[in-house]
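Notes follow the structure.
Just so we're on the same page: letters track the sequence lines, and every chain starts at 1. Note that the coordinates shown come from a computational prediction; the quantities given were computed from them, not determined experimentally.
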Amino acid sequence: MGKWIVCAAWPYVNAVPHLGTLIGSVLSADVYARYLRLKGEDVIFVSGSDEHGTPIEVEARKRGLEPKKLTDEVHEYVKELFKKFGISFSNYTRTETQTHIEFVREFLMKMYENGYIFTQDIEMPYCPKDQIYLPDRFIVGECPYCKYPHARGDQCENCGKLLEPTQLVNPRCVFCNSKPEIRKTKHWYFNLPKLAETLKKFIEEHPHFPDNVKAFCLNWLKEGLKPRAVTRDNKWGIPAPFPGAENKTVYVWFDALLGYISATKEYSEKIGKPNLWREYWLDKNTKTIYFIGKDNIPFHAIIFPAMLIASGEGYTLPWQIAATEYLTFEGEKFSKSRGIGVWIDEALELMDADYWRFTLIYMRPEVRDSNFTWKEFYRIVNSELNDAIGNFIHRVLSFIYKNYNGVVPKPGELDRVDLEYKDKIVKAKDKVAKLMDNNRLKLALNEVVNIAREGNAYLNTKAPWDKIKSKPEDAATTMWVGVNSIKSLAILLEPFIPFSAEKIWNLLNLPGSVHEQKWDSIGVFDIKPGHKINKPKPLFRKLPPDFLKRVNEILVKIRLNIKRPSVLE
RNA sequence: AGCGGGGUAGGGCAGCCAGGUAGCCCGCGGGGCUCAUAACCCCGAGGUCGGUGGUUCAAAUCCACCCCCCGCUACCA
């Protein structure tokens, strides 16, 4: 048994997360954390709301609110949604907690004391009307190359050229359209180049990072690391701890990444063992795994390890980075402003959590972007979840219920077909585990569905509905194998669809909870003859044939009626 | 533009790192079954594996170039 910290990227709470955010970080991490627990590992699973930074400050200002008021409400709302999705966090917190703020300030001071922080004056565009310094992309103007009038300060979306804000013709503040002026300001920088060699070694010699993460990072390193500003002139954020930096705040990335540690610390405090977090984070044998989207790789594979090293405290460095590609929605990018996509609160109004968990993992963008379509959603719910899994379970349980009064019959000797099916389940235990270990959650789930498919084929081959008349002992054997395989199936399904797995456990009338079972008990057929099961009822319902025609209309209604925090209206 | 990843039957995906007559699910055509939620099972049709060239006895797999999609390019997070 080993110590694990499972980390899910912190959702930025300027809005309700959409399905892509869910599958990329929080949901994938939950599946993995649940799997580890079944394996008997010692797991702390953390995440939280990332609530600082310019976009939130601006979003709040637009609504005439204090940023804290905005994030207070959105945080509570999102936290509750994740609970409904069955995300089994040890601690889901936020970056505005006292624990986090103090931790970040102390941590950055250690980096400072160790000589990794220096200051530099730079010139930044400043909006005199809004009284904020403007990041490049918050300045718009005409592209000097293609004359596109809405080019951003970092890049023209029309011609794709990379730009400097000073190149824009007629530059304007994206919020109020005033002309930005250039002001000089002092900032505190993290001396990344100082760690270039150490980081190169860390990544090159890393035994677990996937090839794409390695290649990406080594390329970054090859081009040379640049110092990175740790401070911002924003009002909203954690006050920078450095001497002379009293009016600055901490750049949101240096704050959010440390949340993984501070959330563990807070968890320790909550359970009354305030020093427990050290036993995890300061132990080199603790495995930390980060579930993130592909855009986040450099922050987790380079900047975060660099910070951990610079602190000099001996924190355990990332053990694995499980980066997903992107989920698109009906062929387009999710877009809040254009209303493209489904947001996780709306999703729950439409279907229960397990339907989403199942379909999203089934579509998980593991090696390339994948596309969410309602057609595919409909197909996966109806043919995979319902027909393959739900129906297999229901056929076995209702057969036992009707023919044996719900009592598991006494099996005869297992024949070749019985043994072959049992063997498939035993093999699936290792097959699924191996895929999970390699972060191929989608393929792992597919293997689990295969067990149900094989189960259906097994039933057809054995035809207990005939045998119960001609050779009752054989029908009894089939049902004993069937009910035991369903027990294994429940455990295999637990990481993916925990609510339904628990329902199966209850239908089987087994003691305790499926969540507390052991992975190694998969393939162990220990339900004894004479065991009484509960009255079966179908686990899932199918989407109606007109679903695809009606889904947009349904969604419109959901959007009209949904109760979001007032700050988001 | 540079760097990274991807392009495999109508749809969704695996195989590629360790080359050996292309595999899974859905859909489609045919058959079977009737325990089960019109569910289940079996058989079949359907692909010159983005393009071109190369290495090799043999290339989806290795190499080169090209086309298309996605991401990153350090002050969005």
What interatomic distance, in whole Å, is found between [atom1] of [M] and the corresponding atom of [N]?
N: U37(B); M: G32(B); atom1: P; answer: 23 Å
N: C66(B); M: A22(B); atom1: C1'; answer: 26 Å
N: G7(B); M: G15(B); atom1: P; answer: 10 Å
N: C75(B); M: G12(B); atom1: P; answer: 37 Å
N: C40(B); M: A45(B); atom1: C1'; answer: 22 Å

With RNA chain B as reference, determine whether K442(A) or N403(A) sits nearer its 5' end, using the nearest nucleotide of each. K442(A)

Pairwise 5' ranking along RNA chain B for A452(A) and D369(A), keeping only the more 5' one: A452(A)

Has the side chain of [X] got a donor or acceptor that lies under 3.5 Å from a partner of the other kind on the base of [N]?
X: R379(A); N: C26(B); value: no
X: N391(A); N: U37(B); value: no
X: D295(A); N: C72(B); value: no

Could you identify the nucleotide paired to [N], looking across every strand shown and requiring Watson-Crick or G-U wobble geometry with both distances under 3.5 Å?
N: G44(B); answer: C28(B)
N: C65(B); answer: G51(B)
N: A1(B); answer: U73(B)
N: A18(B); answer: none
N: A36(B); answer: none

NA contact type, [X], heavy-atom cut-off 4.0 Å: base, sugar-phosphate, or nothing?
X: K375(A); answer: nothing
X: F540(A); answer: base
X: I302(A); answer: nothing
X: E384(A); answer: sugar-phosphate
X: R152(A); answer: nothing
X: A457(A); answer: sugar-phosphate
X: V367(A); answer: sugar-phosphate
X: M124(A); answer: base

For the residue pair [Y] / [X], report whether a side-chain donor-acceptor contact shorter than 3.5 Å exists.
X: N534(A); Y: Y401(A); result: no
X: N456(A); Y: R453(A); result: no
X: T477(A); Y: K462(A); result: no
X: H100(A); Y: T95(A); result: no

Check for me whether K333(A) meets the cation-pi criterion with Y326(A), that is, NZ or CZ under 6.0 Å from the six-membered ring centre and within 45 degrees of the ring axis. no

By centroid distance (under 5.5 Å) and plane angle (under 30°), are F399(A) and C35(B) in a stacked arrangement? no

Does A74(B) have W220(A) stacked on its base, where the ring centres are within less than 5.5 Å and the planes differ by under 30°? yes

Between W374(A) and W356(A), how do the two ring planes meet: parallel, tilted or perpendicular, split at 30° and 60°? perpendicular

